[in-house]
Amino acid sequence: MKKYGIFGGSFNPIHYGHLMICEYIKEEMGLDKVIFIPTGNPPHKEIEVSAKDRYEMVKTAILPNPDFDISDIETTRVKLSYTVDTIRELKEIYREEKLYFIIGMDSLFQLKTWKKIKDLSSEIEFVVAKRPGYLDDEKINREIKYLKENFGTKIILVETPLYEISSTDLRDRIKKGKSLRYLIPKKVLNYIEESEFYKNEL
Ligand code: ATP
């Protein structure tokens, strides 16, 4: 049975932290593919960069990697939906494959607040990447235990390298006129510069 990783995020913008953890987890877990799923725009919320542009940036970033793929399942959806709906839809498409949901450690600590987390936990296992700022083993184990006991969540931890980078920091660097070289793929940087994204406060 083939194994696919599902990697959701706002990717505003995508950066090497995202790409590195997916490549690492792909190898460690023996995944055949990782599918990136940029989130749609939250309804009634003004955001600077559209779902379509975030989708295009992810597409550009993953192009050189034949094991990385992208889905527009969330960016083209008009109705509000939950992650569990996306996973159920994907399971209909990939009936023969086993799916895993990839998240970073900060998201592990958010999981209990996710809508319909119990339903989601019954649909898919989570694979968690390490992330700077979330390294207390005792806290991590406590969280994993809490999630398992309350929602039946299944978690696999992968010892990914630590890469202290976030989209928030990158947006901040752009506002300050600082370099993004070596932090995101060159072609994504070109896209951002041409579109003049992230320069203004919203
Ligand atoms: P923001 O700063 O806007 O919150 P982000 O950098 O956390 O953005 P997202 O698009 O929100 O990026 O992240 C998608 C997923 O990638 C999340 O599960 C997040 O935990 C994970 N992730 C992002 N950056 C890293 C990183 N440097 N190391 C490990 N995981 C990461």
Side-chain angles (χ1 to χ4, degrees), residues 1-12 14 17-18 21-22 24-26 28-45 47 51 54-55 58 68-160 162 166-168:
M1 185 189 255
K2 287 202 168 161
K3 300 196 280 185
Y4 288 178
I6 305 297
F7 187 47
S10 47
F11 305 122
N12 189 27
I14 187 159
H18 297 129
I21 63 165
C22 285
Y24 213 89
I25 287 173
K26 185 194 85 187
E28 292 297 306
M29 296 275 306
L31 303 180
D32 296 278
K33 204 197 269 206
V34 176
I35 304 169
F36 288 63
I37 309 201
T39 53
N41 281 346
H44 316 301
K45 203 175 162 204
I47 70 161
R54 289 184 291 103
Y55 175 93
V58 174
F68 284 178
D69 210 339
I70 183 166
S71 163
D72 63 3
I73 194 164
E74 291 202 345
T75 45
T76 55
R77 191 165 19 218
V78 272
K79 267 196 337 206
L80 173 71
S81 71
Y82 300 121
T83 306
V84 67
D85 303 319
T86 301
I87 295 302
R88 284 181 179 146
E89 263 182 67
L90 288 170
K91 282 173 86 173
E92 284 295 312
I93 300 168
Y94 302 109
R95 286 164 174 265
E96 306 296 321
E97 293 80 6
K98 177 155 171 73
L99 305 185
Y100 296 89
F101 200 90
I102 300 171
I103 56 172
M105 197 63 86
D106 56 314
S107 303
L108 175 84
F109 287 95
Q110 292 293 323
L111 276 187
K112 54 179 174 286
T113 68
W114 284 23
K115 293 272 193 294
K116 300 194 185 181
I117 181 61
K118 200 165 183 180
D119 293 341
L120 181 60
S121 297
S122 68
E123 295 286 350
I124 196 160
E125 280 177 55
F126 289 87
V127 181
V128 182
K130 298 190 94 172
R131 189 165 189 182
Y134 303 87
L135 299 173
D136 184 335
D137 281 339
E138 213 176 288
K139 260 193 177 171
I140 293 167
N141 290 333
R142 217 182 305 138
E143 194 68 16
I144 291 175
K145 191 164 173 271
Y146 177 86
L147 289 165
K148 189 170 194 301
E149 285 175 0
N150 287 277
F151 312 111
T153 317
K154 292 190 211 77
I155 309 275
I156 301 166
L157 290 180
V158 176
E159 290 282 316
T160 51
L162 294 174
S166 71
S167 300
T168 304

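Reckoned from all heavy atoms, side chains included, excluding hydrogens, waters and symmetry mates. Just so it is clear, the structure is predicted and the values come from calculations on it, not from any experiment.
- For the pair Ile87/Lys91, a side-chain contact is recorded, criterion being any heavy-atom separation below 4.5 Å from C-beta on.
- In this structure the side chain of Ile144 reaches within 4.5 angstrom of the side chain of Leu108, judged on heavy atoms.
- Between Pro38 and Val58, the shortest heavy-atom contact is CG-CG2, 4.2 Å.
- Side chain of Lys33 to backbone of Asp69: no donor-acceptor contact under 3.5 angstrom is found.
- Under the 4.5 Å side-chain criterion, counting only non-hydrogen atoms from C-beta, Ile35 is not in contact with Leu90.
- To the nearest 0.5 Å, atoms NZ (Lys116) and OG (Ser81) are separated by 9.5 Å.
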Under the criterion side chain to side chain contact (heavy atoms under 4.5 Å, CB included), I'd like the reasoning laid out for Val127 against Leu31: C-alpha separation, chi angles, the key distance, then a yes or no.
CA-CA 11 Å; Val127 181; Leu31 303 180; over 6 Å; no
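- With rounding to the nearest 0.5 angstrom, the CD1 atom of Ile102 is 7.5 Å from the CZ atom of Phe36.
- Between Ser107 and Arg131, every side-chain heavy-atom pair lies at or beyond the 4.5 Å cut-off.
- Between Thr86 and Arg77, some side-chain heavy-atom pair lies under the 4.5 Å cut-off.
- Between the Thr160 side chain and the Lys130 main chain, a donor and an acceptor come within less than 3.5 Å of each other.
- Looking only at side-chain heavy atoms (C-beta outward), Val128 and Ile140 stay at 4.5 Å or farther from each other.
- Expressed to the nearest 0.5 Å, how far CD of Glu74 lies from CG of Asp85 amounts to 9.0 Å.
- Among all heavy-atom pairs drawn from Met105 and Leu157, the shortest one is CE-CD2, 3.9 Å.
- In this structure, Lys98 and Tyr100 approach most closely via the heavy-atom pair CE-OH, 3.2 Å.
- Looking at Ile156 and Met29, their side chains come closer than 4.5 Å, going by heavy atoms from C-beta outward.
- In this structure the side chain of Phe7 never reaches within 4.5 angstrom of the side chain of Ile25, judged on heavy atoms.
- Here the NZ atom belonging to Lys2 is positioned 11.5 Å from the OH atom belonging to Tyr94, to the nearest 0.5 angstrom.
- The closest donor-acceptor contact from the side chain of Asp32 to the backbone of Lys3 lies under 3.5 Å.
- The ring-ring contact (aromatic ring centres under 6.0 Å, His included) analysis of residues 117-156, with sequence neighbours excluded, yields the pairs Phe101-Phe126.
- In this structure a side-chain-to-backbone donor-acceptor pair under 3.5 Å is present from Arg54 to Ser10.
- Ser121 approaches Thr153 most closely through the heavy-atom pair OG-OG1, 2.9 Å.
- To the nearest 0.5 angstrom, Tyr55 atom OH is 8.5 Å from Thr76 atom OG1.
- Taking every heavy atom of both residues into account, Thr75 and Thr39 meet most closely at CG2-O, 3.6 Å.
- Atom NZ of Lys112 has more than 12 neighbouring heavy atoms from other residues, nucleotides or ligands inside a 6.0 Å radius.
- By the side chain to side chain donor-acceptor pair (under 3.5 Å) test, Arg142 is found to be paired with no residue, residues two or more places apart in sequence or in another chain being considered.
- When every heavy atom of Ile73 is checked against every heavy atom of Ile37, the shortest pair comes out as CG2-CG2, 3.7 Å.
- One finds the CG atom of Asn12 at 9.0 Å from the CG atom of Asn41 (value rounded to the nearest 0.5 Å).
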